[in-house]
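This report refers to the structure that appears directly beneath it.
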Amino acid sequence: AMLNAETVRYSEKARHEPGYCAFYEECGRNPTVSGSLLPPIIPCLNYSHARALKGEHYQQLKKVCPMLDRGEGSTTACCSIKQLKSLEMSLMLSKAVLMRCPSCADNFAHLHCINTCSPNQTTTINVTRTMNITTLGIVKEAVVGYQAYLSTSFADKSFESCKNVRIPATGGYAIATMCGRYGSALCTAQRWYDFQGDSSNGLAPLDIDFRLIPEGVTEGIPDGVVPYAGRALGCNEMTPTGAEVCSCQDCQASCPVVPSPPPPAEPFTIGGVDGYLVLCVIFLCVLILAFLLIEPWEVTCTDKNSLATQEILGFVFQAWGTLIASHPLKVLLASAVVIAVFATGLMHIELTTDPVQLWSAPNSRARMEKDFHDKHFDPFFRTNQLILTAPGRPGHVYDSLLFGKQNFSGIIAKDLILELLELQKKIQNIEFWSNDLNRTASLKDVCFAPLNPSNSSLTDCAVNSLPQYFQNSVDNLNAKVNMTELGVTKEVDWRDHFIYCVNSPLSFKDITDLQLSCMADYGAPVFPFLAVGGYENEGYTTAEALILTFSLNNYPRDNVKFKVALEWEQRFLDIVQEYQKSPGNPFTFAYMAERSLEDEINRTTAEDIPIFMISYAVIFVYIAVALGEYTSFSRILVDSKFLVGLGGILVVGCSVLASMGFYAWIGIPSSLIILQVVPFLVLAVGADNIFIFVLEYQRDARRPGEKREEQIGRVLGNVAPSMLLCSLSESVCFFLGALSTMPAVKSFALYAALAVLMDFVLQMTAFVAVLSLDARRQDGNRCELACCVTVKTTAPSKPSEGFLLPVMRKYYAPVLLHPVTRVIVMVVFIFMFISSIYLMFYVTVGLDQELAMPQGSYMLEYFKYLYAYFEVGVPTYFVTTKGFNFTSVTGMNATCSSVGCDPFSLTQKIQYATEYPDLSYMAIPANSWLDDFIDWLNPGSKCCRLYSVGPNKGKFCPATAFLCGQKCMKTPTNGVLRPDMEQFNLFLPDFLGNRPDLQCPKGGLGAYDKAVITDESGEIIATRFMAYHTALTTSKEFTAALKIARELAHNITLSMRAIPGTSQDFEVFPYTVTYVFYEQYLTIVSEGLFNISLCLLPTFVVCCLLLGMDLRSGALNLLTIIMITVDTVGVMTLWGIDYNAVALINLVTAVGISVEFVSHMTRSFAMSIQPTHVERAKEATATMGSAVFAGVAMTNLPGIVVLAFAKAQLIQIFFFRLNLVITLLGMAHGLIFLPVLLSYFGPGVNKAVLLRLQQAKAQELELSSNAKNIYDNIGYENQENSPNPDTTPPLPRTNPAPLRTSKRLQ
C-alpha cells in the first residue's frame, strides 16, 4: 500500500445514530505504523447501515463475538468476515494470558467486538483521522484513528475483572504486560485502555482514543454519541456461554473466607513483666535462702569402697609406672611404632570442606530433600554476580515525552551502562584451555541456557543485567528518534525505553518510536529486581545499584564440567578483581562467584594456621619454662624441663595424629574445625595431667633405698587415678557426643574422644618414659640440650614446692575460705548462675553467613551490598514426590489455580501465604506448569495445534508454523478445560519443549522443561512449583522462613493425600539452597541439650565410680560443671556470641575442660584427712589448685590470647572469645566456687583412709625411726600406697584427729 493522501475531514454522510456503521471491511496495512508485531490491517471508512448476517458470516460472529448474537436472521453487524478473522487472531494473543479468567477474557473481547462489529457503531465511536491508501491500484479512504466512548461503569468493571489475573510462569500480573509504562502497580482503567489503543505498542493496528465518561455527563460528547454502557461481568460471575467464575488467584471476589494466620506468640510475661526474669528472681531468692538457712548435711558413703578403689588403682598404676620407667627406650620405640601404624592412615584422610556435608547429616530431612531435588531437577544453578554503585555521582531529571518528568539516579546513566556492557562482554568472552574437555572452554560450555540447553551459544546464556533491555547492543543504547505525541515533538532515547521495560519486562516492543524489544538476547524477560537494586516503591529510575548476574549449570562434583565451571568462575574473579583495581573504574562494587564462599573459608583457614602454630608454640614455651624447678642459677640448664615439655607436646601431637589416622583408616572424614579444635582441646587436657604428674614428682622426695624408677611409679600411683578420672570422663563424654546428628559435631566428638584416650595412654607410657630419662639426666647433673655437659652444683636435698604452692597455701586459700568470703562467693556465684539461666532464653540462635568470612574478605562487602540493594529473597520450590495423579480432573483441580480449580489447591494455598509476607516470608506466588499447560491447551490461543496436512499430520504444530488447522482440544462449554489422561500424556512433552514467543507466550521451554519429571511409563514422579521468599538477611529470618514453608507444605500434603488414588507416602516439601544450612537451627537447642547432657552424665558416673561410689562428690562435681556450662551460655548472650553448631562444639569442649578444672579438686578434697571441711578445702586448694592453675588455666590462656589476632571471624568469636570465656569461668568455678562449695557441702572425712594412715604411721614408727616428714600435708595421694615398708607414705606434719564417729568430725 502506498500513501496517497491524508485527511482529517469527516464524511458529509456521517451520522451518529443507531443502526449505522462508521467503517466496514479491511482496506490494507496502516502506512503510519512500522515495526508492528502483527499486520496493522485497518478498516475502510464506510458510513452505512449495519449488515444482516447469515451463514458463515453469522457463525463467525457467533464464535468471535457471542455477546452480539441475536439469532440467525436477526443479527446485524458492522464487520466483515475478514475483519472477524483478524479480530479473532488479535484476541488470541490477549486470551493467551487472560483466558484463565473467563469473565475477564469475555469483557476484553466484548469491548473490541463493540468497537469493531457493533450494529450501532456510530453511536459509540467517532472517527477522527482517515487516510487515503492505494491497494492493488485502488484508492480507498481508511480509518487510522477514532474515539471510543465508554461509560466508566463498563470500563471500570472490565478493568476490575482483569487486574488480578496472574501469569503463572512469573507470578506477576497479566495486566503488567497490557498497561505499558505503568506496569501493574500504577495501572488504571484509563491507562489500560490507552495502551490498547496505542498503535506504537506493536499490537494495535490504529490509534484509538478511549474516552471514559461518567454516568450523566454529556459535555464534550458529539451529538448522537452515547457512551457504551453494556453489562461487564464481574470476575466472580459466570459468562453467558456458561464458563465458570474466575479462580481466587485471579479474582479476589472469588476467594473463600480464609482466617488470618495467628500473630506471632506474645512474649512470656507475668504481671506485665518478663516471665523468665520473674521466675529467675524467685529461683535466686529460694537458693540464697536455702543456702543461708539450711545446715549442711552428712551423707555417709561407703568409705571402704572408696579406699579399696583408690588402693587398687594406686597399686596398678604404681606397678605400671615402675615398669615403664625401667625400660624407657623400649617404651618410646614401641610407642613410636604404634603411632606410626595409626598415622599411616593419614594417607587416606578425607578432608570435608563442602559446607553441606559438614553441617547437614545425610539422613536429615533437608539433606534428603536436597538430594531428591538435585537428583530429579539438577542442582540449583551457580550464581556469579556483581552489584555496582556510583556513590556521590549526581542524578538528573529527565523530561520524557511519554512518561513526564522522571528522576534518574547517578548510577542510571548511559556512560555507566556502556561501561557495564563492556565489562559484561569481557566476562562473556572468557576462554581458557580445559584439560578436562581437552579443548578450549568458554561460557557456553557451562552456562545456564534455559531456552537452548542442548546446543548453547553465548547469546543463549542467561546473563541478567540492565544492558539486556537493549539486547546488549551499543547501537540500541545509542538509538535516538524524534517522536510526536499529542502534538508535541521530542527526542526519545534509551531512557524512555528503560522506563518502559522495567514496568513491562515481558514486552516484545516498546511504545516509543525506537520500537525496541525489552526481552534479553537469550529470549527471556529481565525482571527489574534482577537488573537494578536499591529503589523504593518500584521507582526503578532512582535505583542506587546495577546488578550483573551470570548463571551457570551446577554440575555434580564428579562431573567433568564441574571443574570447568570452577575454572570459569576463577577467571571471572580474576577479571573482576583486576577491573576493581583499574584506575579508570567508575564503579564501587561488590562481587561473588559460586565458589567464593568455600574458597574464602579455605583461604582463611590456611592463613590462620600460623596463628594456631604460634598459639601452640606459646603454650609449649610456657610448659617448658613452668615445669622447671630453678633452684639456683648454675643449675638452670639441669633443672629446666624443656625436653619434658617438648615430650608432653609431642604426646599431644601424636595422640591427635593417631586419632586422625585411625579414623582415616576406617573412612570417617575429617574437617578443618577438627584440625583447629582437637589439638587445642587435647593440649588443655594433656598439659594439666603433665603438670600434675611433674609437679608431684618434683615435690616428692625419694625414700631411703628407693630406686628412681620406683619413685616414678609411686608418684604415678598417687596421681594417675586423678588423671584417669578426668581423661575417662572426657573421652566417654565425647564418644557420647558422637550420637549427634550434625556431621561436624559427630566427627569432632569421635576424633576428640579417641585423641583424649590416646593422650592418656601415651602419658602413661611414652611420657613416663620421657620423665624417667629426664630424671636420669637430672640425677647425673647433666645439662639439657647438652647432655655431655655436667654441672658441679648439687641439687638441694629438700624438694622444691615452687612458687604457686606456698602462695596459695599462705595467702589465697585462707582469704578464699574466710567465713565472710565464703558467703560472698556463694551468693555471687548463685547470682551468676541464675542470671545466666535468664540470659540463656535470649541467646541468638544461628550463624549469619558473613561470620564465616575472614575480616577483609570481598565476600563481606558482597553481603553488605546484597542486604542493602537486593529487593527479593531466594527462590523456593514446592516439590512433589511420586504418588499423585496429576492426569485426573480432581488431581488437576487440587493443584492448579485458574478457573475451575479448588480454592484450596496447592498453588492457591501458596498464594494465600503471600498475602501475609511478614508472617509467611513468602513474597511472590508459585509459578505453575499445570496452569500454563492448561492455558496452552486452550483452543482460544494459537499454542496447541496439529498439522492438518503433510507428513506430520496429526502431530503438534508450533504457533509460528503454517498448515495447522486443527486444534488440540475442543472449546469446553463451561470454560473449564481439562484434558483426559491420554491427552495429558500426549501433549505434555510438546508443551515442555515449546519455546515461548509472541504468538504463544505459554510455551513451557525454559520455564518448565525441567519442572516435570516422568518415568519410562510417562507417570509423573516429581514436579516443582517455584515461588519467592521475601528478602531474608539474618539466620533467624532464614530459619523462620524454613519453618513456615514446611508448615505450609505439610498442610498442602495432607489436603492432596485426601484426593482419591493418592499414595499415602506422597509428599510436598519446600526446597531452596539455604534450607540445608539453616535446618539445624530448628532443632539445635534440643540437640545441644541432648549432647551436653550426654557429656555431663559420664562426669558424674565416672567420678562416683573412681571415688568408690562417692555420690556427694559426684553430684558436686556435676553441679559445678553444669554451672560453668550455663554461665558460658549466659556470657555468650552478653558478648554477642551466637549459638550454633560451632558454638555447640565449643560447649562440648567446655564440659571437657571443666572436668579438668573441677574433678582434680573434688578428688583431692574427698581423699583429704584434715579434720574439718574448711581445712580439707584449704589443702585441696593449695596442693591441687596450684597444679590446676598452672596446668590448665595458664596453659590455655596464652594460646587463647594469640587467637585474637586471627583473621577469620569464626576463630575470633567462637575460638578466642568462647574459649576465653570457658577458661576464665572454669578457672573461677574450679579455684573459687568449688573450694567454697566443698567447704559447705563436701563429703566428710574418709574414715577408712584415716584409719589406714594411722596404721601406716604405726608401722613406720616401728620400722624406721629416721623417717622424715616431707609434705606440709599428706594430701589424698598417700592413701593409695601399699603398706610395704619401702613404699609407706611419710607422716603428715599435723597429727590427724583420732578416728571418731561424731558428726562434727567434718
Closest approach of [X] to [Y] (non-hydrogen atoms, all atoms of both residues):
| X | Y | answer |
| --- | --- | --- |
| Cys968 | Gln983 | O-NE2, 4.5 Å |
| Val143 | Ile42 | O-CB, 3.5 Å |
| Arg978 | Ile934 | NH1-CD1, 3.8 Å |
| Pro102 | Ala243 | CB-CB, 3.6 Å |
| Ala253 | Cys235 | CB-SG, 4.3 Å |
| Ala894 | Asp902 | CA-CB, 4.3 Å |

So, [X] side chain and [Y] main chain: donor-acceptor pair closer than 3.5 Å or not?
| X | Y | value |
| --- | --- | --- |
| Thr75 | Gly71 | yes |
| Asn952 | Lys955 | no |
| Gln121 | Ala22 | yes |
| Ser247 | Ser897 | yes |
| Ser905 | Cys901 | no |
| Ser888 | Asn885 | yes |

Donor + acceptor pair across side chains of Thr130, Glu141 (<3.5 Å): yes
Between Ser86 and Glu26, do the side chains contain a donor N or O and an acceptor N or O under 3.5 Å apart? yes
Per the disulfide (SG to SG under 2.5 Å) rule, what does the pair list look like for residues 119-152, sequence neighbours excluded? none
May I have all residue pairs that pass disulfide (SG to SG under 2.5 Å) and include part of residues 114-178, sequence neighbours excluded? Cys79-Cys117, Cys104-Cys162
side-chain hydrogen bond (donor to acceptor under 3.5 Å, both in side chains) involving Arg51 - partner list, sequence neighbours excluded: Ser48
Counting heavy atoms not belonging to Met89, are there more than 12 under 6.0 Å from its CE? no
Which residues pass the ring pair (Phe, Tyr, Trp, His ring centres under 6.0 Å) test with [X], sequence neighbours left out?
| X | answer |
| --- | --- |
| Tyr182 | none |
| Phe23 | Tyr146 |
| Tyr20 | His49 |
| Phe159 | Trp192 |

Spatial distance of atom OH (Tyr47) from atom CD (Glu17) [nearest 0.5 Å]: 12.0 Å
May I have the step-by-step check of side chain to side chain donor-acceptor pair (under 3.5 Å) for Asp931 and Ser898, ending in yes or no? CA-CA 6 Å; Asp931 283 274; Ser898 57; 3.2 Å; yes
Does any pair with a residue in residues 159-176 pass salt bridge (Lys or Arg N to Asp or Glu O under 4.0 Å), and if so which ones, sequence neighbours excluded? Glu160-Lys163
Going by an N to O cut-off under 4.0 Å, is there a salt bridge joining Glu25 and Lys82? no
Does a salt bridge link Arg211 with Asp209, judged by any charged N lying under 4.0 Å from a carboxylate O? yes
Asp250 vs Asn164, side-chain contact (heavy atoms from CB on, under 4.5 Å): CA-CA, chis, key distance, verdict: CA-CA 5 Å; Asp250 301 316; Asn164 291 317; 5.7 Å; no
Taking only residues two or more places apart in sequence, or in another chain, which ones meet Lys85 in a side-chain contact (heavy atoms from CB on, under 4.5 Å)? Glu56, Gln60, Ile81
Mind checking side-chain contact (heavy atoms from CB on, under 4.5 Å) for Met981 and listing every partner two or more places apart, or none if nothing turns up? Thr887, Asn985
What about Phe984 and Trp936, are their ring centers closer than 6.0 Å? no
Listed pairs under 3.5 Å, donor-acceptor, residues 221-230 side chains, sequence neighbours left out:
| unit_1 | atom_1 | unit_2 | atom_2 | d |
| --- | --- | --- | --- | --- |
| Tyr228 | OH | His110 | NE2 | 2.5 |

Can you check side chain to side chain donor-acceptor pair (under 3.5 Å) on Asp207 and Ser199, steps first, answer last? CA-CA 5 Å; Asp207 291 317; Ser199 61; 2.7 Å; yes
Check the pair Thr128 / Gln147 against side chain to side chain donor-acceptor pair (under 3.5 Å), numbers first and verdict last. CA-CA 7 Å; Thr128 57; Gln147 296 170 333; 5.7 Å; no
Does Ile175 reach the side chain of Val165, with side-chain heavy atoms less than 4.5 Å apart? no
Residues 503-514, side-chain donor-acceptor partners within the protein, below 3.5 Å, at least two apart:
| unit_1 | atom_1 | unit_2 | atom_2 | d |
| --- | --- | --- | --- | --- |
| Asn503 | ND2 | Arg181 | O | 2.9 |
| Asn503 | ND2 | Ile499 | O | 2.8 |
| Ser504 | OG | Ala176 | O | 3.3 |
| Ser504 | OG | Ser507 | OG | 2.6 |
| Ser507 | OG | Tyr500 | OH | 3.1 |
| Ser507 | OG | Ser504 | O | 3.1 |
| Lys509 | NZ | Ser200 | O | 2.7 |
| Asp510 | OD1 | Thr512 | N | 3.1 |
| Asp510 | OD1 | Thr512 | OG1 | 3.0 |
| Asp510 | OD1 | Gln515 | N | 3.2 |
| Asp510 | OD2 | His497 | ND1 | 2.7 |
| Asp510 | OD2 | Thr512 | OG1 | 3.0 |
| Thr512 | OG1 | Leu514 | N | 3.1 |

Could you walk me through whether Gln249 and Thr907 pass the side chain to side chain donor-acceptor pair (under 3.5 Å) check? CA-CA 9 Å; Gln249 191 170 81; Thr907 48; 5.0 Å; no
Is there less than 2.5 Å between the SG of Cys78 and that of Cys21? yes
Is the Cys246 SG less than 2.5 Å from the Cys101 SG? yes
Please say which of Val33, Val144, Leu203 ends up in a side chain to side chain contact (heavy atoms under 4.5 Å, CB included) with Pro40. Val33
Can you name the one residue among Leu937, Asp1009, Asp932, Leu1005 that meets side chain to side chain contact (heavy atoms under 4.5 Å, CB included) with Phe991? Asp932
